[in-house]
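To start, the structure under review is shown below, and the notes come after it.
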Amino acid sequence: MASVKALDGVFGVTPTSAGSKVRELVYMAFYVTDHATHFYALGGPDFIVGPDAPPSERNILGVVRKVGLDIGKQVIDCRARNHHIIKMLGGRGVHPAAGQPGGWSKPVSEEERKEIEEIARKNVDFALFSLKAFDDIVLKNPQYLELVTSDIYLHKTYYMGTVDEKNRPNFFNGMIRVVDPEGKEFLKYHPSEYTKHIAEHVESWTYLKYPYLKKIGWKGFVDGMDSGVYAATPLARLNVADSMATPKAQEHYERFFETFGSKKINGRYQPVHHRLATHWARLIELLYAAEHMLELATDPEITSPDVRTIPTSIKGEGVGSVEAPRGTLTHHYITDDKGVITKANLIVATTNNYAVMTMSIKRAAEKLITKGKIVEEGILNRIEMAFRLYDPCLSCATHSLPGKMPMTVNIRNSSGEVIRSFKRG
Amino acid sequence: MTAKPKLSMYWAASCGGCEIALVNINEKILDVDAAFDFMFCPCLLDTKYKDIEALPDGDILITLFNGAIRTTENEHMAKLLRKKSKLLIAFGSCASEGCIPGLANLSTKKDVFKTCYLDNPSIDNPSGITPQTETNVPEGKITIPAFYDSVKTLAQTVDVDYFIPGCPPEPHQIWAVVETVLNILKSGAPLPPKGTVLGGGKSSVCEECERKKEDKKITGFRRTYEFIPNREQCLLEQGVVCMGIATRDGCGALCPKVNMPCTGCYGPPEGVLDQGAKMVAALGSIIDIGDLKGMKEDDIDKKIDEIISTIPDFAGTFYKYSLPGSIMKGRVS
């Protein structure tokens, strides 16, 4: 979606209202399936099966075994029905083919709309069910609640997310809002101005880059007001918002901040800095995506045949941005006079969070290993959990740290000597 | 009870779409779990590399390997999984042909690093740092996998038993392959010959495309952004470079269903070595340059050039998915 929006810029064309809504409808279906997958298959096993469970059980099949086949099937059905919509409107379930500069290649028929509406209603129920499951499994379990609210996974950083004109999260269109660690608005800019506000730092020991807020600068792997490190995640998107755009998501949004004891200052909640709360925030976003999908599916304009504006010129440059499930996604293309890309720059969702991820792992290790006290059971997994909450891709990465660089936790005493070593590789 | 046969899935240089496609077999994933010990899949499961290293050789019945070979880690895992698996299957376009990561073979490693780390609109790198295989830090030495000069397919790296095409393979085709394997296991029937492409047809996408096809005579090409194609008529006949004619069937002609051309992700049809060459040959026979009578040879060349120039990106159009696996393999300097 970010790429097709960048093409709108390259071809200097504004999508038709219906074309833009069809894109957004497909995107909400994608959000529902992606957030559901991340929660149940990739992040959820740590909670549902347990952080100390054997690795062979700590996966989606273990989740199904734990919660029961019926619930497992509900998750599978949710993924299936939303991928069905993506395929119906986008051609393919993975890598949809229907994006066009100026809109979408295929209009929605009334028959399709009815089916989508029905699916969107099921999605709302599924999101509510998932929030209830989170409540029962995590929030009502004192051990997990302590893990979520402890300072093991806590960072006070800046937060980024896309908001609408009322400062409510919008995954598809809007302005980029950045708030400081105390929750005060620090920046608000149009995505096309990203190079004024974001820069990327390079280290020789990693292929991934570290984006940071230009105005503050790269100060290394530290959090706080004076560090340009920011997070762009489901948690970040709730932290930059004044409220949610749909009623049920709003209720859960309020409950979320109240649970963490967050106070309202100037009409908005102070940010929640507990990174494991990202899983909860993800489910609130799942609910918003489902509710918004229903709004779009019942919008009279959604079946309009007018889904494309045909470009008449080639401008040669465009920036497109959306909130990908893992964070703000930016595509920037420069083309020749035939519209063939000659330069491209992407800041991919997870890249935004690389610095906080690096810090989260360090923090988790520091907190789990203290003088005279070592949390032995599941220590490696608890450190990996610091990764998993950000991105399934890196969730996966932590499931497979490369053979040549196994994850090693060296526990050193105060004079720097290694006193114990845990390995997983 | 006999132990269930082991199934593993690995990703090298890829996007994760192949794993999503596997999970998109939906409720049948439970059947896979019932029939196999699905024991290694970094995207979904928590087993580690050391667990694979500890297995006896040939202990895994099937490995579905997706992703191209871009780094030393990709290569190491390809070799390790080859050794530990009875059947190694190149799963999807990246492993089979190189796919989108393989388009980097149009550039050198130096150019890739320059664009990524030194010269782009958001970079801040005054000291010109680029990733190094080894870096000394106060705590010790950090080693990361080395980045090769070019992208290779799985079969250019290790011996491959079968291929499953697609970017990604369509879920119904993945299930068809699983079912075939289950039937073979049950009946003891012989395996398909080595090198067989599984989960695809033997013909071209045109065979399964529902659009009306008539006489193909093209006087010029049009890009998809320029117009709204007729929804019934063959896209190629409307002047859109639709790769269906040079692409293996099996997907169900999904892209033409949403009024977009096939871009070739299922690779060349059975028996065709080079997808781009096949497409160029096909276009050669349907381009209509009009009446040649009395035209000078130079004018004929000019006319052909005019028509060909309406296709602005040859490599990206004809070799979008198949560059490393093609005859040329990449840019030839």
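Here is the naming used below: chain letters follow the sequence lines, and residue numbers restart at 1 for every chain. Values below: every heavy atom of this structure, side chains too, minus hydrogens, waters and symmetry copies. Since this is a predicted model, take the numbers as computed values, not measurements.
Looking only at atom types and distance, the side chain of A:His83 has a donor-acceptor partner in the side chain of B:Asn24 under 3.5 Å away. Side-chain polar atoms of B:Gln132 and A:Ser204 form no donor-acceptor pair below 3.5 angstrom.
For B:Pro312 against A:Lys338, the heavy-atom pair with the smallest separation is CB-CD, 3.7 Å. Residue A:Val94 comes nearest to B:Ala21 through the heavy atom pair CG2-N, 4.4 Å, listed as atom of the first residue, atom of the second, then distance. Taking both residues in full, the closest heavy atoms of A:Trp205 and B:Ile144 are given as O-CG2, 3.2 Å, listed atom of the first, atom of the second, then distance. Shown here for A:Gly99 and B:Met260, the closest heavy-atom pair between the two residues is O-CE, 3.8 Å. For the residue pair A:Ser105 and B:Asn259, the shortest heavy atom distance occurs at O-CB, 3.9 Å. Taking all atoms of both residues into account, the shortest heavy-atom contact from A:Ala98 to B:Val258 is CB-CG2, 4.1 Å.
Side-chain N or O atoms of A:Tyr207 include one that pairs as donor or acceptor with a backbone N or O of B:Pro145 at under 3.5 Å. Distance alone, capped at 3.5 Å, is enough to place a donor-acceptor pair between the A:Arg308 side chain and the B:Tyr225 backbone.
Contact of B:Thr224 with chain A is made through backbone and side chain together, with heavy-atom distances under 4.5 Å. For A:Ile314, the part lying under 4.5 angstrom from a heavy atom of chain B is the side chain only. Of the atoms belonging to A:Ile347, it is side-chain heavy atoms, and not backbone ones, that fall under 4.5 Å from chain B. Only the side chain of A:Lys343 comes within contact range of chain B, judged by heavy atoms closer than 4.5 Å. Both the backbone and the side chain of B:Cys116 come within contact range of chain A, judged by heavy atoms closer than 4.5 Å. Contacts of B:Phe113 with chain A are made by side-chain atoms alone, with heavy-atom separations under 4.5 Å and no backbone atom involved. With a 4.5 angstrom heavy-atom cutoff, A:Leu89 touches chain B only via backbone atoms. Contact annotation for B:Leu80: neither backbone nor side-chain heavy atoms come within less than 4.5 Å of a heavy atom of chain A. Using a 4.5 Å cut-off between heavy atoms, A:Pro96 does not touch chain B at all. For a residue to count as touching a neighbouring chain, one of its non-hydrogen atoms must lie under 4.5 Å from one of that chain's; by this rule A:Phe11 touches chain B with the side chain only. Of the two parts of A:Pro311, the backbone and the side chain both hold a non-hydrogen atom closer than 4.5 Å to a non-hydrogen atom of chain B. Both the backbone and the side chain of B:Cys167 come within contact range of chain A, each with at least one heavy atom under 4.5 Å from a heavy atom of that chain.
Each of B:Glu226, B:Met39, B:Arg223 has some count of heavy-atom pairs under 4.5 Å with chain A, and the biggest count is that of B:Arg223. When each of B:Gly16, B:Ser127, B:Pro168, B:Gly17 is scored by its heavy-atom pairs under 4.5 Å with chain A, the top score falls to B:Pro168. Of the listed residues A:Lys196, A:Lys214, A:His95, the one with more heavy-atom pairs under 4.5 angstrom with chain B than any other is A:His95. Ranked by non-hydrogen atom pairs under 4.5 Å with chain A, the options B:Leu30, B:Ile52, B:Val137, B:Thr263 are led by B:Leu30.
Using a 4.0 Å cut-off between charged nitrogen and carboxylate oxygen, B:Glu27 and A:Arg79 do not count as a salt-bridge pair.
A 4.5 Å side-chain heavy-atom check between A:Ile310 and B:Ile228 finds at least one atom pair inside the cut-off. Using a 4.5 Å cut-off on side-chain heavy atoms (C-beta onward), A:Met88 and B:Lys257 make no contact. For the pair B:Ile29/A:Ile76, a side-chain contact is recorded, criterion being any heavy-atom separation below 4.5 Å from C-beta on. Counting only heavy atoms from C-beta outward, the side chains of A:Thr206 and B:Pro131 never approach each other to under 4.5 Å. Within the 4.5 Å cutoff, no side-chain heavy atoms of B:Ser122 are placed close to those of A:Lys209.
Atom CG of B:Asp305 sits in a crowded spot, with more than 12 heavy atoms from other residues, nucleotides or ligands closer than 6.0 Å.
The OG1 atom of A:Thr37 lies 5.5 Å from the CD1 atom of B:Ile20; values are rounded to the nearest 0.5 Å.
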